[in-house]
Every structure is written in structure tokens, then in C-alpha cells.
Amino acid sequence: MVKKAKTDAGIPQDKPLDSLGMALSGGEQAEAQRRIAEGMTSKHPNTASVHHVCTDTFGSIATAFPKGGMVLISGTGSNCQLLNPSGSAPRCGGWGHMLGDGGSGYWLSHRTIRTVYDAEDGLVTPAHDYAAVKNLVFEHFKLEKRYDILDHLYEKFEKSHIATLCKPLAE
């Protein structure tokens, strides 16, 4: 992305930018910020003279609110963060799919799959007919039999592919 931006702006590829800011998912921790910045410097030395890394929520807030604000991200994962003018930054969510990305595409898709499989196993009785939802799950993952889902949840796990089940569910 940086190479394309430099090309589009007419900046030679061998001329480093003065500074590059990267607002990234998972960029909350100082150690991760350091590793990402060092990795960029060592692998792409002409990208920028200085690399700044922060969490994706700060980038979203800074884009819209110069004195702080709040952002709710609900994509593959989810996060909610408030950035106060004082610099304090309480948040909720954003802990990843194992601890909780409530309201995210992955979370909604996982709940759907879980509901279908729990109903099929006789663990729950859904309030409504779930046949159409079951068909969407089977179509989305190209399942021939129930056990085929295990490849998608373990060996071939792709969080973003699971999250994209939301699109046919919404339709």
C-alpha cells in the first residue's frame, strides 16, 4: 500500500517518507508496536524514516475527531473504544474470537453455526424453523455432511471466511 501511495504521489520508491503511521488491529501493546516498527524498518527500509504503530481504533477516531471520540468497529472482529481529550482510553470488546468479539461477523456466524449444530444434536429446540439457515451454512461452506464443518473450524480455519457467512444470512 505504501509503495502504491508513493507512486500515486510521485514520490520515488527509494526516498523514505518522514513518518508512517499504522493503525492496526492488535496494535495496542507496546511490544507488538515495537516488533511491527522494527520489522518495517528492517524489511522495508525505504518505506519511512520513522514508523508509528497504534491500535486500529485510534486511527478511526483520529480520522473523524481531532479531540477524541468513540468508535465501534464491527467487521470480522469487533471493538469499542473511547478516546478522551485527556488521553485516557477505556474500551470494551476487541479480545479476539476466542474471548469475545461480540457483534462481529465472526461472532454472528459462529453463533449461527453453533445453533444449527446444537439443534441437530438435540441440545436445543430453536423457536423457529432453522432449515433455511442450515441450508445457508451447508452452501456457504460447501458441506456434503455435517462433519465436513470440522475442516473449516480446525485444519482450514480462516476467521474471515467464517465471518462472511453473515452476508447470505443478511440477504
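The analysis underlying the following values was restricted to heavy atoms, covering all of them including side chains, and did not include hydrogens, waters or symmetry mates.
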Q: Mind listing the closest non-hydrogen atom pair of H152 and I162 along with its distance?
A: O-CD1, 3.8 Å
Q. Is the count of non-hydrogen atoms from other residues, nucleotides or ligands lying under 6.0 Å from E144 atom CD greater than 12?
A. no
Q: Might you confirm whether atom CZ of R114 has over 12 heavy atoms from other residues, nucleotides or ligands at distances under 6.0 Å?
A: no
Q. Would a distance-only check, ignoring hydrogens and angles, find a side-chain to backbone donor-acceptor pair under 3.5 Å from Q33 to G27?
A. yes
Q: Could you check if a side-chain atom of L17 sits within less than 4.5 angstrom of a side-chain atom of V2, using non-hydrogen atoms only?
A: yes
Q.
A side-chain contact here means heavy atoms from C-beta on lying under 4.5 Å apart; do E139 and L136 qualify?
A. yes
**Q.** Non-hydrogen side-chain atoms of V71 and F65 separated by less than 4.5 Å
**A.** no
(Q) For the backbone of E28 and the side chain of T55, can you confirm whether one donor and one acceptor N or O come within less than 3.5 Å of each other? (A) no
Q: Using the side chain to side chain contact (heavy atoms under 4.5 Å, CB included) rule, pick out the option among T115, L165, V116 that qualifies with V133.
A: V116
**Q.** Minimum heavy-atom distance K159-Y106, with the two atoms named
**A.** CG-CD1, 3.7 Å
Q | Contacts of type salt bridge (Lys or Arg N to Asp or Glu O under 4.0 Å), residue E158, not counting sequence neighbours | A | none
Q | Contact list for residues 5-59, test ring pair (Phe, Tyr, Trp, His ring centres under 6.0 Å), sequence neighbours left out | A | none
Q. So does E38 pair up with R35, basic N to acidic O under 4.0 Å?
A. no
Q | same_hphob_cluster(M70, I73) at 4.5 Å side-chain heavy-atom cutoff | A | no
Q: Search all heavy atoms of Q13 against all heavy atoms of N46 and return the closest pair with its distance.
A: O-CB, 3.4 Å
**Q.** Minimum-distance pair of heavy atoms, taken over all atoms of N79 and C92
**A.** OD1-O, 3.4 Å
Q. Would you say the side-chain atoms of D151 pair up with the backbone N or O of D148, donor to acceptor, closer than 3.5 Å?
A. no
Q: Any chance you could measure S104, atom OG, to R111, atom CZ, to the nearest 0.5 Å?
A: 11.5 Å
Q: Say whether F157 and I113 are linked into one hydrophobic cluster, either directly or through other cluster members, by side-chain heavy-atom distances under 4.5 angstrom.
A: yes
Q: For residues P16 and P45, report the shortest heavy-atom separation together with the two atoms involved.
A: CG-O, 4.3 Å
Q.
Does L24 form a side-chain contact (heavy atoms from CB on, under 4.5 Å) with V53? I'd like the steps, not just the answer.
A. CA-CA 7 Å; L24 306 170; V53 181; 4.2 Å; yes
Q: Would you give the length of the straight line joining atom CG of D118 to atom OH of Y130, rounded to the nearest 0.5 angstrom?
A: 10.0 Å
Q | salt bridge (charged side-chain N to carboxylate O under 4.0 Å, His left out) between D121 and R146, intermediate numbers included | A | CA-CA 11 Å; D121 287 346; R146 285 180 3 138; 2.6 Å; yes
Q) Would T164 and H161 count as a side-chain contact (heavy atoms from CB on, under 4.5 Å) if you check the C-alpha gap in whole Å, the side-chain angles of each, and the deciding distance to 0.1 Å? A) CA-CA 5 Å; T164 61; H161 180 61; 3.9 Å; yes
**Q.** Distance in Å, H140 NE2 paired with S109 OG, rounded so as to fall on 0.5 Å steps
**A.** 6.5 Å
Q. So M22 and I36, side-chain contact (heavy atoms from CB on, under 4.5 Å) or not? Walk me through it.
A. CA-CA 9 Å; M22 296 174 283; I36 293 167; 4.1 Å; yes
Q) Are L153 and L108 connected in the hydrophobic side-chain network, where two residues link if heavy atoms are under 4.5 Å apart? A) no
Q.
When you measure from the side chain of K67 to the backbone of N84, do you find a donor-acceptor pair of N or O atoms at a distance under 3.5 Å?
A. no
Q. Considering residues at least two apart in sequence or located in another chain, which fulfil the side chain to side chain donor-acceptor pair (under 3.5 Å) criterion with Q29?
A. none
Q: Could you tell me how the ring of Y117 sits relative to the ring of F138: parallel (under 30°), tilted (30 to 60°) or perpendicular (over 60°)?
A: parallel
Q.
Testing the basics here: between A48 and S19, what is the closest heavy-atom pair and its distance to 0.1 Å?
A. CB-C, 4.1 Å
Q. What distance separates R91 CZ from L83 CG, expressed to the nearest 0.5 Å?
A. 13.0 Å
(Q) Membership question, hydrophobic clusters at under 4.5 Å side-chain separation (ILVMFWY): are V124 and V137 in the same one? (A) no
